[in-house]
A.B. asks: 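Dumping the structure here so I can ask a few things about it.
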Amino acid sequence: MAHHELHEPLCEIVGPAYVADSDFAVWAYARDASAYPARPPGIVVRPDTTEEVSAIVKLANVHEIPIVPRGGGTQYGGWPPGDPGRSICIDMTRMRRLLEVNELNSTVTVEAGITGAELEERLLRRGLYAHTTFSPPDSVTVGGALCGVFGGGGAKFATLASNWPTIVGVKAVLPNGDIVETGSRTNKHAKMFFRAAVGPDLTGLFIGSYGIFGIVTEVTQELSA
Ligand SMILES: Cc1cc2nc3c(=O)[nH]c(=O)nc-3n(C[C@H](O)[C@H](O)[C@H](O)COP(=O)(O)OP(=O)(O)OC[C@H]3O[C@@H](n4cnc5c(N)ncnc54)[C@H](O)[C@@H]3O)c2cc1C
């Protein structure tokens, strides 16, 4: 079987073990949890760092190939079509590090591919808690929750599931490959402790965005009592 046109450069970015374009692999990424029609990507890539995500996005831009980011794949509105058979699916689940627990500022910073269940378990070991009531928790990622329905519920979403009010800020890769941070980190000398930094709420752009404004790679969330 011939490889996807970007198989080789994508292997150079993330390593060959984290690139797959066999029928078996792409069909495993063709659906969300709904019964809507399957839309297989042309290739699946599993980055490990924000810089790798940025390099993938820049490469895709040069070749004008659509990208669909993916967390747990549990949304049920129908999987974004991209360009079936050609688009790049960026599977975020390799990026699942717990980066910082800051008890002074009452925040936790994680990579976007960590699941709600793993974050909850790791915080509970320290006697801490963050809003991770995503369903189904073993599959839903923090990034997918933020960019999908859970995040988009808004501050007054009538369910405990919404994590909108607890998000402090994100690190994200924009559609042109630039890496940005929101919240108080728009000041590069500041910590990520405060969402409503001077200026517009840039964090809100990514919440409920379904990935169209960029790929979220890190999320800082408030610790709850
Ligand atoms: C059994 C079940 C119960 C559910 N219950 C609820 C519920 O009670 N309330 C509710 O609101 N939802 C519920 N959902 C839906 C699901 O939990 C949400 O849609 C959630 O947002 C999906 O998270 P995910 O990690 O699986 O993301 P995915 O499904 O992989 O992605 C969701 C969207 O976000 C984009 N995306 C994913 N990761 C990123 C990223 N890092 N950066 C940018 N874009 C990204 C994807 O392209 C996609 O458009 C349920 C789903 C199932 C299967």
Side-chain angles (χ1 to χ4, degrees), residues 28-36 38-41 44-50 52-54 56-57 60 66-84 87-97 99 109-120 131-167 169-182 202-221:
Y29 286 82
R31 288 182 178 280
D32 56 14
S34 75
Y36 286 107
R39 289 144 165 177
V44 180
V45 57
R46 303 184 65 222
D48 188 41
T49 64
T50 299
E52 287 181 3
V53 174
S54 166
I56 295 164
V57 172
I67 290 171
V68 181
R70 185 172 175 108
T74 66
Q75 74 168 17
Y76 40 64
W79 194 241
D83 183 355
S87 44
I88 301 170
C89 174
I90 301 188
D91 175 345
M92 295 298 294
T93 56
R94 221 178 128 209
M95 293 183 62
R96 45 189 277 265
R97 299 176 186 88
L99 298 171
T109 301
V110 293
E111 289 183 331
I114 193 171
T115 62
E118 183 174 352
L119 174 57
E120 180 175 290
H131 191 94
T132 52
T133 53
F134 320 139
S135 176
D138 286 318
S139 304
V140 175
T141 61
V142 169
L146 184 145
C147 296
V149 197
F150 277 128
K156 296 193 170 71
F157 199 37
T159 162
L160 276 178
S162 176
N163 65 356
W164 187 96
T166 72
I167 303 298
V170 300
K171 182 184 273 190
V173 176
L174 298 180
N176 67 356
D178 284 353
I179 298 169
V180 295
E181 288 183 90
T182 64
L202 296 176
T203 307
L205 264 183
F206 297 95
I207 295 180
S209 69
Y210 287 83
I212 60 171
F213 294 126
I215 300 175
V216 172
T217 58
E218 291 179 18
V219 178
T220 300
Q221 209 176 324

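What you see is a predicted model, and the numbers here were worked out from it, not measured in a lab. Indexing begins at 1, ligand by ligand and atom by atom, following the structure's order.
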A.B. asks: Could you check whether any heavy atom of Phe206 sits closer than 4.0 Å to an atom of ligand 1, since that is the contact criterion I want to use?
C.D. replies: no
A.B. asks: Please identify which atoms of ligand 1 are closer than 4.0 Å to at least one heavy atom of Ala33.
C.D. replies: 53 (C)
A.B. asks: Within a distance under 4.0 Å of any heavy atom of Gly211, pick out the atoms of ligand 1 and give their elements.
C.D. replies: 43 (C), 44 (N)
A.B. asks: Has ligand 1 got any nitrogen or oxygen that is less than 3.5 angstrom from a nitrogen or oxygen of Trp79?
C.D. replies: no
A.B. asks: Quick one: which ligand 1 atoms are inside 4.0 Å of a heavy atom on Gly148?
C.D. replies: 21 (O)
A.B. asks: Main chain of Val110, side chain of Glu218: is a donor-acceptor contact present, judged purely on distance under 3.5 Å?
C.D. replies: no
A.B. asks: Taking C-beta and beyond as the side chain, do Ile88 and Val45 meet within less than 4.5 Å on heavy atoms?
C.D. replies: yes
A.B. asks: Under the side chain to side chain contact (heavy atoms under 4.5 Å, CB included) test against Val173, which residue among Val216, Ile67, Val180, Ile179 passes?
C.D. replies: Ile179
A.B. asks: My understanding is that we take every heavy atom of each candidate and find the minimum distance to atom 45 (C) of ligand 1. Doing that for Cys147, Ser139, Ser209, which one comes out nearest?
C.D. replies: Cys147
A.B. asks: Can you name the atoms of ligand 1, numbered from 1 with element, that are less than 4.0 Å from a heavy atom of Gly71?
C.D. replies: 25 (O), 28 (P), 30 (O), 37 (C), 38 (N)
A.B. asks: Taking only non-hydrogen atoms of Gly214, do any sit less than 4.0 angstrom from ligand 1?
C.D. replies: yes
A.B. asks: Could you establish whether Ile215 and ligand 1 come within less than 4.0 Å of each other, counting only heavy atoms on the residue side?
C.D. replies: yes
A.B. asks: Would you mind listing which atoms of ligand 1 come within a distance below 4.0 Å of any non-hydrogen atom of Ala145?
C.D. replies: 21 (O), 23 (O)
A.B. asks: Checking the side chain of Glu52 only, and the main-chain atoms of Asp48 only, is there a donor and an acceptor separated by less than 3.5 Å?
C.D. replies: yes
A.B. asks: Between the main-chain N or O of Ile90 and the side-chain N or O of Arg70, is there a donor-acceptor pair closer than 3.5 Å?
C.D. replies: no
A.B. asks: For Gly72, is there any backbone N or O sitting under 3.5 Å from a side-chain donor or acceptor partner on Ser139?
C.D. replies: no
A.B. asks: Atom 28 (P) of ligand 1: which of Gly144, Gly73, Pro80 has the nearest heavy atom?
C.D. replies: Gly73
A.B. asks: Measuring from atom 51 (C) of ligand 1, which candidate in Tyr76, Phe213, Tyr29 has the nearest non-hydrogen atom?
C.D. replies: Tyr76
A.B. asks: Which of these passes side chain to side chain contact (heavy atoms under 4.5 Å, CB included) with Ile215: Pro69, Cys147, Ser54, Pro47?
C.D. replies: Pro69
A.B. asks: When only distance counts, is Val68 in polar contact with ligand 1, meaning an N/O pair under 3.5 Å?
C.D. replies: no
A.B. asks: Has the side chain of Asp32 got a donor or acceptor atom that lies under 3.5 Å from a matching backbone atom of Thr74?
C.D. replies: no
A.B. asks: Which of the numbered atoms in ligand 1 are below 4.0 angstrom from a heavy atom of Val216?
C.D. replies: 40 (C), 41 (N), 42 (N), 43 (C)
A.B. asks: Run the numbers for me: atoms of ligand 1, each under 4.0 Å from some heavy atom of Arg70, listed by number.
C.D. replies: 30 (O)
A.B. asks: Hey, is the main chain of Tyr36 close enough, under 3.5 Å, to the side chain of Arg31 for a donor-acceptor pair?
C.D. replies: yes
A.B. asks: Mark yes or no for whether Gln75, through its side chain, and Gly78, through its backbone, hold a donor-acceptor pair below 3.5 Å.
C.D. replies: yes
